[in-house]
Amino acid sequence: MTADDTTLRAALDQGNLPILLLVLAQLTGDAKWLEEPYRPSRTLALSDNDDGGFTESRQAEIRAAAFTVLRDWRDGRRVLPQPPADDRITAMLSVSLGEHVPPEYGETMAEEAGFHTRSEVSWSGDRPAGADRLHVLIVGAGLSGVATAATLERLGIPYTIVEKNPAVGGVWWRNTYPGAGVDTPSDLYSYSFAPRRGWNRYYAKQPEILSYVQNTAQDLGITAKVQFGTELTSATWDEANQRWHIRLRRADGTTETLEATAVISCVGVLSRKSIPDFDGTDTFSGPMFHSSEWDHSVDVAGKRVAIIGTGATSQQMTPALAGVAGSVLVFQRSPQWVAPNANYLRDAPTSVRLLMEQVPFYATFYRLRLIWQFQDKLLPSLRRDPAWPHQDRSINATNEKHRVFFTEHIDRELGARTDLRKKVLPTYPPYGKRILMDNDWIATIKRDDVKLVPEAVTGFDEGNVITADGARHPADIVVLATGFQATRMLAPMEIRGRSGTSLHELWGDDDAFAYLGMSVPDFPNFFIVGGPNTALGHGGSAIYIAECSIAYIAQMLIAMVQRGLSSVEVREDVAKAYNARVDTENESLIWTHPGMTNWYRNQAGRIVTTLPWRGVDFWSMTKTPDLDDFTIRQS
């Protein structure tokens, strides 16, 4: 800690009281800070509960105590204690949040806090020389690719990364549209092994996230091992030689072949743009581009900008363009539920960043609180209740409370603009589609220079957007915020397994499946990070799930070396049984509620992308691989 007394006092005045109490309990070892009269009120909804529900005098007492303890530590009069034991973590968080955090979260939260690593992801002794015979190809240098490389780097397993873009970052390099950012809190949307302390915003924007990913890759020596501008076009398994034969295509059109003992796909589900088959796209005379390919040479100032879609991208982009463009037209097929969140638009104050960066355990405890608030606690409320009498608007009693809460928020934001209510208020149950943070969305569409058009787009002519009702809407620029081909996983790569069958032939166009989202029968030594049924539809950090998958895959590679295996291939019966469980569980959840349409489902209605279990359940499933689930071949 470098802060002087005055700076420290000022920072603590802005500190979160429930977190400061955890810091006090941890640094002093005194249990009184977790007992009355220091137990905070319950943290509700998406708030941080900064004042803890305490009176001003109690707040002042807690901040003064924190100052004394932290000053003593800074000045060498107090020794920093060891992190809390796993079972202690959930007990402390339960007090801090004002609700029960199950003990089963202790170990995974300790890993997320960096208190200890996954002990299973290591060699049983010194690194064996047999590791040199491995060569792993990682496809993609986005968030998952960097995390995979970081694990292999630590283990000393040889690898190469190919990345079709010219830089590290994946979707955060590609998506540079105005307003681009996360809808997961920054302190949760970061690696457990390389946390960032002191984000500039509670919900970071694209430049800061990209910088974080790229700096992490550079610091860990990963960037130098990436072949940029290189795309995997095909991979074929050679059963006789137990190798993958891979064909790569460079940005200049040249090709190259290489061999690998294992392939790990980290391409993600939001990498291939989706553009509906609109009529007349070639006839529109102005600029037209997908949101993921924002044309920064186009000046939107004073222009009529048409945005097709009202998903997460549109709701970030529209407020950013309003007031810059001459006018903004937003075309909506169906309205979206938006959740109020006081932190979503906030910069993190300098004082709070100081606490995150310099106060022991402060940022860590904040991250752990977020894991519970944003990641798993919601899922039980998304289970369909067949006896619930209001199936047209909600799926159970708790979901109905959510509907009322969100409706009241929308009505408050609309105020006198009741003419917009029918346009913006969804009729389907909340969370049936991805819930969106209210990025001043309602305030923006109330503007005189913004118009929400509740009609599906059918096509274009030279200067107009044409909607299903036949109306023509003049526009100078068209932005296609139409999403990605989430269910067409690993397209257009051609991956051929042991039998010669390709993944595309096995999965069809949009029906991907995999054991634990990672392994597919007939495809030895082929693993997927961010694969089928691993997205968190109920909220949370995609990085958490990715790190679970990576730890599991790394243990498979360790086993291959230490047991002298040339290949591992998940058994077909195991994969089928697992995916039957996935489908059965998803059928009980909101995403399969009658009438729901979302990007989680394929054309047949099967949920392809989302995980039907809690993050802690997936962590438990992937904690230690069972080689009995695989057909193995000795070297």
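- For the atom pair Arg63 CZ and Leu12 CG, the distance stands at 7.5 Å (nearest 0.5 Å).
- Trp619 pairs in a side-chain hydrogen bond (donor to acceptor under 3.5 Å, both in side chains) with only one of the listed residues (Glu107, Glu111, Glu112), which is Glu111.
- Here the side chains of Thr117 and Arg154 are not in contact, with every heavy-atom distance at 4.5 Å or above.
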Evaluation steps, salt bridge (Lys or Arg N to Asp or Glu O under 4.0 Å), between Glu357 and Arg197: CA-CA 5 Å; Glu357 293 166 355; Arg197 309 301 191 195; over 6 Å; no
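- Using modelled atom types, one side-chain atom of Thr592 and one backbone atom of Leu589 make a donor-acceptor pair closer than 3.5 Å.
- Donor-acceptor pairing under 3.5 Å is lacking for the side chains of Trp388 and Glu400.
- A side-chain donor-acceptor contact under 3.5 Å links Gln358 and Thr2.
- Side chain of Asp48 to main chain of Asp50: no donor-acceptor pair is present (N/O by atom type, distance under 3.5 Å, no hydrogens or angles).
- When every heavy atom of Asp347 is checked against every heavy atom of Tyr202, the shortest pair comes out as O-CE1, 3.9 Å.
- Contact between Val168 and Ala217 at its shortest, heavy atoms only, is CG1-CB, 4.1 Å.
- Classification of the Trp372-Tyr105 ring pair by plane angle, with boundaries at 30° and 60°, yields perpendicular.
- Residues Phe54 and Pro37 have side chains not in contact (no heavy-atom distance under 4.5 Å, counting atoms from C-beta outward).
- Shown here for Pro625 and Gln555, the closest heavy-atom pair between the two residues is CD-OE1, 3.3 Å.
- By the 4.5 Å heavy-atom criterion applied to side chains, Asp86 and His116 are counted as neighbours.
- Remark: Leu414 CG to Ile442 CD1 distance equals 5.0 Å, nearest 0.5 Å.
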Residues Leu155, Trp123; criterion side-chain contact (heavy atoms from CB on, under 4.5 Å); working and verdict: CA-CA 8 Å; Leu155 292 169; Trp123 304 110; 4.1 Å; yes
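- Using cut-offs of 30° and 60° for the angle between ring planes, the Trp591 and Tyr600 rings count as perpendicular.
- Defined by atom type and a distance below 3.5 Å, a donor-acceptor pair is present between the side-chain atoms of Glu547 and Ser192.
- The structure places CG of Leu425 at 5.0 Å from CZ of Arg421, a figure rounded to the nearest 0.5 Å.
- Using a 4.5 Å cut-off on side-chain heavy atoms (C-beta onward), Thr313 and Tyr177 make contact.
- In terms of heavy-atom proximity, Ser314 sits nearest to Pro319 at O-CD, 4.2 Å.
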Stepwise salt bridge (Lys or Arg N to Asp or Glu O under 4.0 Å) test for Lys205 and Glu208: CA-CA 6 Å; Lys205 292 301 183 183; Glu208 189 174 11; over 6 Å; no
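- Under a 3.5 Å cut-off, the side chain of Asn399 and the backbone N or O of Pro430 do form a donor-acceptor pair.
- A side-chain donor-acceptor contact under 3.5 Å links Arg39 to the backbone of Leu34.
- Closest heavy-atom contact between Ala147 and Ile550: CB-CD1, 3.5 Å.
- In this pair, Tyr191 and Phe193 present their aromatic rings parallel. The plane angle is below 30°, not in the 30 to 60° band.
- Checking side-chain atoms of Ser186 against main-chain N and O of Ala204 turns up a donor-acceptor pair under 3.5 Å.
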Stepwise side-chain contact (heavy atoms from CB on, under 4.5 Å) test for Met92 and Gln26: CA-CA 9 Å; Met92 295 174 74; Gln26 178 62 19; 4.2 Å; yes
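- A salt bridge links Arg383 to Glu585: one of the charged nitrogens lies within less than 4.0 Å of a carboxylate oxygen.
- Between Trp33 and Tyr38, the ring centre distance stays below 6.0 Å.
- Ser211 and Asn215 share a donor-acceptor pair across their side chains, judged by distance under 3.5 Å alone.
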Criterion salt bridge (Lys or Arg N to Asp or Glu O under 4.0 Å) on Arg369 and Asp187, from CA distance to verdict: CA-CA 10 Å; Arg369 281 169 53 92; Asp187 285 88; over 6 Å; no
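- Distance OG1/Thr43 to CD/Glu99: 7.5 Å, rounded to 0.5 Å.
- No side-chain donor-acceptor contact under 3.5 Å links Asn439 and Tyr203.
- Remark: the Ser190 side chain and the Arg367 side chain contain an N/O donor-acceptor pair separated by less than 3.5 Å.
- Separating the CG atom in Asn175 from the CG atom in Leu210 is a distance of 11.0 Å, to the nearest 0.5 Å.
- The shortest side-chain heavy-atom distance between Val582 and Tyr578 falls under the 4.5 Å cut-off.
- Looking only at distances, a side-chain donor or acceptor of Trp337 sits under 3.5 Å from a matching main-chain atom of Tyr428.
- A distance-only check finds no donor-acceptor pair linking the side chain of Asn533 to the backbone of Pro612 [under 3.5 Å].
- With rounding to the nearest 0.5 Å, the separation of CG in Leu143 from OH in Tyr212 is 8.0 Å.
- The aromatic rings of Phe365 and Phe115 sit perpendicular, their planes meeting at an angle over 60°, well past the 30° parallel limit.
- For the pair Leu557 and Leu152, the minimum side-chain heavy-atom distance is below 4.5 Å.
- Contact annotation: the side chain of Gln336 never approaches that of Trp441 to less than 4.5 Å [non-hydrogen atoms, C-beta and beyond].
- Put simply, the side chain of Arg71 never gets that close to the backbone of Asp5: no donor and acceptor are under 3.5 Å apart.
- Side chain of His538 to backbone of Gln375: a donor-acceptor contact under 3.5 angstrom is found.
- Of the possible polar contacts, none joining the Ser620 side chain to the Val616 backbone as a donor-acceptor pair under 3.5 Å is found.
- In this structure, Arg196 is positioned above the aromatic face of Trp199, its NZ or CZ under 6.0 Å from the six-membered ring centre and within 45° of the axis.
- Of all non-hydrogen atoms in Pro84 and Ile89, the two that sit nearest each other are CG-CG1, 3.9 Å.
- Side-chain contact between Thr184 and Phe374 is absent, with no heavy atoms from C-beta onward closer than 4.5 Å.
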